[in-house]
Asker: 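Below is a structure I'd like to ask you about.
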Protein chains: 2
Amino acid sequence: MKISTRTRYGLRAMLEIARGESAILQKDIAENQGISNKYLDQIVHSLKTAGLISNARGKKSGYVLTRDPGKITLYDIHRAFDPEVCLVECLSENIKCELSDTCQAQPVWSGLNKIVIDYMRSVTLESVLKGKESLRNK
Amino acid sequence: MKISTRTRYGLRAMLEIARGESAILQKDIAENQGISNKYLDQIVHSLKTAGLISNARGKKSGYVLTRDPGKITLYDIHRAFDPEVCLVECLSENIKCELSDTCQAQPVWSGLNKIVIDYMRSVTLESVLKGKESLRNK
DNA sequence: TTGTAAAACTACCAAAAGAGTAGGATAAGT
DNA sequence: ACTTATCCTACTCTTTTGGTAGTTTTACAA
């Protein structure tokens, strides 16, 4: 039960982009964050495919957010890499657990799933930049 | 980011034990829950090592909880399999992330970690048996 | 005391996921 | 044309996960 490095690096890259007043190059993100530029390739690509960032190509390129930092959540970023936030298989829409009718454990996991998603939805790039998350920390 | 089957089966096994009015054999748990008895070996062993269940050996054996169902939490069960609930490496006590002083992402993950742990602590075998978790579900 | 049933313990294996690398294709300045 | 940076595909290596197999130990019962 771990958050993948893709999601973690993805968040850091998004923060880097959100922080800058102008467009920022992928290779600069890589440098600032100490992440291999090649690996960041995939990450940035996923973020772009998810519609969270965009860029102009060529010399004057560089990435920018497609919308307000207050409107981009951790949930959005996470889903750029994992389409479904699903802590246990039996909750997945694709799979029907044959025990689900009688299984008393299922509501436990679905409850956990819900609070995780709710949390992720509540965290925006803006709130992170303002340091609001650190308040929950204690 | 998944809950392991060990933890999931572990919860189901614990519920099975908690439900019964008398001691229950491992092989009966396996049968009732549709889990390979051999695999359950490991799971039951972890639960026992963690001090959550105990048994008499030999013919009249069978497992029982070591304490009140209201005093055994999902967090206890989870830790029987994963010693540390830690969604990202940089939160681990063993590892010191060199970025941690300036990293704005870290509080996000530590906040997530906290709510997950809080949830797990709030779920007891007793509350599950009474179906209280299903209320959060919607 | 011997048989037997169940749990304990150890070792192993196969599949999947995760993390990261490599390299060529493409597009857009200069 | 040359360069620079992104795009895209494929591949590799490592770790984790899920699960099986087999042998040992314990304790009861005939």
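Here is how names work: the chains are called A, B, and so on, in the same order as the sequence lines, proteins then strands, and each is numbered from 1. Computed over heavy atoms, backbone and side chain alike; hydrogens, waters and symmetry mates excluded.
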Asker: Return a single string for nucleotides 7-13 of chain D, one symbol per nucleotide in 5' to 3' order, where B is base contact, S is sugar-phosphate-only contact and - is none, cutoff 4.0 angstrom on heavy atoms.
Answerer: BB-B---
Asker: A:S4 side chain N/O closer than 4.0 Å to the phosphate oxygens (OP1, OP2) of C:dG18?
Answerer: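 A:S4 to C:dG18 OP1/OP2: no side-chain N or O under 4.0 Å.
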Asker: Taking all non-hydrogen atoms of both residues, which atom of B:T7 and which atom of B:I77 are closest, and how far apart?
Answerer: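 In terms of heavy atoms, the two residues are closest at O-CG2, 4.3 Å.
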Asker: Check the distance between C:dA7's C1' and B:I17's CD1 and give it to me in whole angstrom.
Answerer: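 After rounding, the gap between these two atoms is 13 Å.
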Asker: Closest heavy-atom contact between A:Y63 and A:I17?
Answerer: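 The pair with the smallest heavy-atom distance is O-CG2, 3.6 Å.
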Asker: Return whichever of A:M1 or A:I24 has its heavy-atom-nearest nucleotide of DNA chain D closer to the 5' end.
Answerer: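 It is A:I24, whose closest nucleotide lies nearer the 5' terminus.
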Asker: One pair to check against salt bridge (charged side-chain N to carboxylate O under 4.0 Å, His left out): A:R79 and A:D82. What are the steps and the verdict?
Answerer: CA-CA 5 Å; A:R79 274 190 313 173; A:D82 287 284; over 6 Å; no
Asker: Tell me the interatomic distance from A:D82, atom CG, to C:dG18, atom P, rounded to whole angstroms.
Answerer: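 Taking CG of A:D82 and P of C:dG18, I get 7 Å after rounding.
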Asker: What is the distance from OH of B:Y39 to P of C:dA14, rounded to the nearest Å?
Answerer: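 Rounded to whole Å, this separation is 17 Å.
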Asker: Which heavy-atom pair separates B:Y75 from B:R121 by the least distance, and what is that distance?
Answerer: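 Shortest heavy-atom contact: CE2-NH1, 3.3 Å.
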Asker: Looking for any heavy atom pair under 4.0 Å, which part of the strands does A:Y9 touch: base, sugar-phosphate only, or nothing?
Answerer: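 Result for A:Y9 = sugar-phosphate.
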Asker: Can a side chain N or O of B:S36 be found less than 4.0 Å away from OP1 or OP2 on D:dT20?
Answerer: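 Checking B:S36 against D:dT20: at least one side-chain N or O falls below 4.0 Å of OP1 or OP2.
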Asker: Check residues 20-28 of chain A and write down every donor-acceptor pair under 3.5 Å in which the side-chain atom is one partner and the other belongs to a residue at least two apart or another chain.
Answerer:
{"from": "A:Q26", "atom 1": "NE2", "to": "A:N37", "atom 2": "O", "distance (Å)": "3.3"}
{"from": "A:Q26", "atom 1": "NE2", "to": "A:N37", "atom 2": "OD1", "distance (Å)": "3.0"}
{"from": "A:Q26", "atom 1": "NE2", "to": "A:D41", "atom 2": "OD1", "distance (Å)": "2.6"}

Asker: Whole-Å distance between C:dA28 P and A:L25 CG?
Answerer: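 Spelled out: CG on A:L25 to P on C:dA28 is 16 Å.
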Asker: Pairs counted as Watson-Crick or G-U wobble with both distances under 3.5 Å: what dot-bracket string results for DNA chain D, using | for bases tied to another strand?
Answerer: ||||||||||||||||||||||||||||||
Asker: How long is the line joining CD1 of A:I43 and C1' of C:dA19, in whole Å?
Answerer: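 Rounded to whole Å, this separation is 9 Å.
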Asker: Do any N or O atoms from the side chain of B:T124 and from the backbone of B:I72 form a donor-acceptor pair under 3.5 angstrom?
Answerer: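 No; zero donor-acceptor contacts below 3.5 Å.
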Asker: Give a yes or no on whether the backbone of A:N113 and the side-chain of B:Y119 come within a donor-acceptor separation of less than 3.5 Å.
Answerer: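 Checked: no pair found.
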